[in-house]
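Whatever order the structure lists them in is the order used to number ligands and atoms, beginning at 1.
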Amino acid sequence: MSFFSKLRERLTKSSSKIGAGLDDIVAEAAAAEPSAPSAPAPEPERQGLMGRLLGRETTPAEPRRELDDAMLEELEDMLIAADMGTETALRVTANIAEGRMGRRIGATELKQALADEITRIMAPVARPLPLYPKKPQVVLVVGVNGSGKTTTIGKLASQLRAAGKTVVIAACDTFRAAAVEQLQVWGSRAGVPVLVAPQGSDPASLAYDAMVRAEAESADLLLIDTAGRLQNRADLMEELAKIVRVIRKKDETAPHNTLLVLDATTGQNALSQVEAFRRMADVSGLVMTKLDGTARGGVLVALADSYGLPIHAIGVGEQIDDLDAFAPDEFARALVGL
Ligand SMILES: Nc1nc2c(ncn2[C@@H]2O[C@H](COP(=O)(O)OP(=O)(O)O)[C@@H](O)[C@H]2O)c(=O)[nH]1
Ligand SMILES: [Mg+2]
């Protein structure tokens, strides 16, 4: 699939930010270096000679800089500015420093080292949405307004259909009429029935009807869209709790997945959303949307590092096929601009 070349292309803002940041960190000091007395003279020669002898010197023209505390600090600041979070940035920087202190390194080695660190953090959380034999597998989708819940459900439904699964969608965001219409459009595109209720009606009773329908049709999956007004947490909590209560009347093991949809463009705010929703619901995995055209992709690293919740999928656009599994090494390389 050509998906990740699409990701690389669309992650340009993030990658140009981090990639250019790394280039700058190395190049600034390297340019000033001939006059810098602190630069150990024999080092570059020895390295250059060793490199030549070992045939490793692939980019001889690349500027290099001695990795010292000042450079590490710049690296740290840059990663924090790229939404990686302070703790994660500190640890990533420390790991990069290990075995490299005092050595002269170029931007490519730095990018590679950073990509390796990011991959190591992300690999354990890259897990596709698990599919169970249980019918219907109930997937509850939560998140703040505008994070991309409805769009993600549309994309997911379409991909599950394409994989031969039968799907039912419950439009339990009865708060906004537009949300219901939007879901109906997605449903008809994907060829998936969408259960709706009048605006303002009880989302839990719609969820119950949807369970009945999904069971009667022995659908493989039931995707439940929900409202996301975080400004009224008590209400939202009660609404979610009620939805869970009624679907458990039909199947006490439901919901089998609770997906939290996060908008990558919100940066560090995504972290507090995880906190808030984990208090309200048993979040089992994340979907990260809007990774196209944001300079804040670094927040995924902070999320993976802080919570370890599986990242089931990422969204890189508004079209039906702009959702795919999360591939950590491709993501890391795209993020650092390799
Ligand atoms: N660029 C981009 N836009 C997205 C993505 N996912 C959703 N959107 C857009 O974000 C807006 C809000 O999405 P919606 O699904 O309605 O969010 P909801 O309120 O959580 O249901 C819509 O305009 C979507 O088209 C994505 O991955 N990339
Ligand atoms: Mg919605």
Side-chain angles (χ1 to χ4, degrees), residues 3-4 6-15 129 139-159 169-190 192 194-197 199-201 203 206-207 210 223-233 235-236 239-240 243 258-267 269-270 273-274 276-277 280-281 283 285-297 299-300 303 311-327 330-331 334-335:
F3 177 79
F4 279 104
K6 187 158 75 186
L7 171 65
R8 221 173 344 251
E9 187 181 295
R10 293 185 185 178
L11 256 172
T12 46
K13 282 197 185 162
S14 291
S15 56
L129 180 70
V139 180
L140 184 66
V141 180
V142 301
V144 302
N145 248 342
S147 60
K149 293 180 295 299
T150 304
T151 310
T152 297
I153 286 178
K155 292 170 177 174
L156 255 183
S158 147
Q159 295 191 5
I169 296 175
C172 288
D173 181 0
T174 59
F175 192 64
R176 289 193 311 154
V180 173
E181 284 160 28
Q182 190 189 354
L183 210 43
Q184 282 172 317
V185 171
W186 279 108
S188 70
R189 265 189 234 160
V192 167
V194 178
L195 268 70
V196 302
Q199 187 177 359
S201 64
L206 176 59
L223 308 181
I224 302 180
D225 197 9
T226 63
R229 342 182 266 287
L230 199 61
Q231 59 270 29
N232 191 343
R233 284 187 197 173
D235 258 20
L236 182 62
E239 191 172 298
L240 279 180
I243 290 175
T258 301
L259 300 191
L260 173 59
V261 177
L262 297 168
D263 173 346
T265 66
T266 61
N269 196 254
Q273 287 174 25
V274 173
F277 276 93
M280 291 183 231
V283 175
L286 306 176
V287 174
M288 203 75 192
T289 65
K290 309 188 199 180
L291 272 172
D292 49 312
T294 176
R296 320 200 72 171
V299 71
L300 259 81
L303 279 169
I311 298 176
H312 292 318
I314 57 174
V316 290
E318 300 184 85
Q319 301 309 308
I320 208 153
D321 60 349
D322 291 334
L323 181 85
D324 209 341
F326 176 68
E330 295 281 355
F331 170 78
L335 190 68

Among non-hydrogen protein atoms, atom 8 (N) of ligand 1 lies closest to Lys290 CE, 3.7 Å
Polar side-chain atom of Ser147 near backbone of Val261 as donor-acceptor pair, under 3.5 Å: yes
Taking 4.0 Å as the limit for heavy-atom contacts, which would you say applies to Met288 with ligand 1: side chain only, backbone only, both, or neither? neither
Distance from atom 12 (C) of ligand 1 to nearest protein heavy atom, with residue and atom: Gly146 O, 3.6 Å
Of all the heavy atoms in Asp292, does at least one lie under 4.0 Å from an atom in ligand 1? yes
Between the main-chain N or O of Cys172 and the side-chain N or O of Thr226, is there a donor-acceptor pair closer than 3.5 Å? no
Heavy atom of Gln319, distance to ligand 1 below 4.0 Å: no
Does at least one non-hydrogen atom of Ser147 fall below 4.0 angstrom from an atom of ligand 1? yes
If you measure every N or O of Thr152 against every N or O of ligand 1, does any of those distances drop under 3.5 Å? no
Around atom 25 (O) of ligand 1, find the nearest protein heavy atom and jot down its residue, atom name and distance. Glu318 OE1, 2.4 Å
Nearest non-hydrogen protein atom to atom 15 (O) of ligand 1, with distance, is Thr151 OG1, 2.5 Å
When distances are taken from atom 16 (O) of ligand 1, the protein heavy atom at minimum range is Gln182 NE2, 3.0 Å
Atom 21 (O) of ligand 1 sits nearest the protein heavy atom Thr150 OG1, 2.8 Å
Under the side chain to side chain contact (heavy atoms under 4.5 Å, CB included) test against Lys290, which residue among Asp263, Val316, Ile314 passes? Asp263
Does Gln182 put an N, O or S atom under 2.8 Å from the Mg ion (ligand 2)? no
Using a strict cut-off of 4.0 Å, indicate which atoms of ligand 1 neighbour a heavy atom of Gly315. 27 (O)
Distance-only, no hydrogens or angles: does the Lys149 side chain make a donor-acceptor pair with backbone N or O of Gly143 under 3.5 Å? yes
Donor-acceptor pair, distance only, cut-off 3.5 Å: does the side chain of Gln273 make one with the backbone of Thr266? no
Thr174 side chain to Ser201 main-chain N or O, any donor-acceptor pair under 3.5 Å? yes
Protein contact to atom 17 (O) of ligand 1 [nearest heavy atom, distance to 0.1 Å]: Gly148 N, 3.0 Å
Looking at non-hydrogen atoms alone, which of Ile153, Val142, Thr289 comes nearest to atom 6 (N) of ligand 1? Thr289
For ligand 1, which atoms sit closer than 4.0 Å to a heavy atom of Val144? 20 (O)
Under a 4.0 angstrom heavy-atom cut-off, which atoms of ligand 1 come close to Lys149? 15 (O), 17 (O), 18 (P), 19 (O), 20 (O), 21 (O)
Which protein non-hydrogen atom lies closest to atom 26 (C) of ligand 1, naming both residue and atom, and how far is it? Gly317 O, 3.2 Å
Which atoms of ligand 1 sit under 4.0 Å from any heavy atom of Val316? 27 (O)
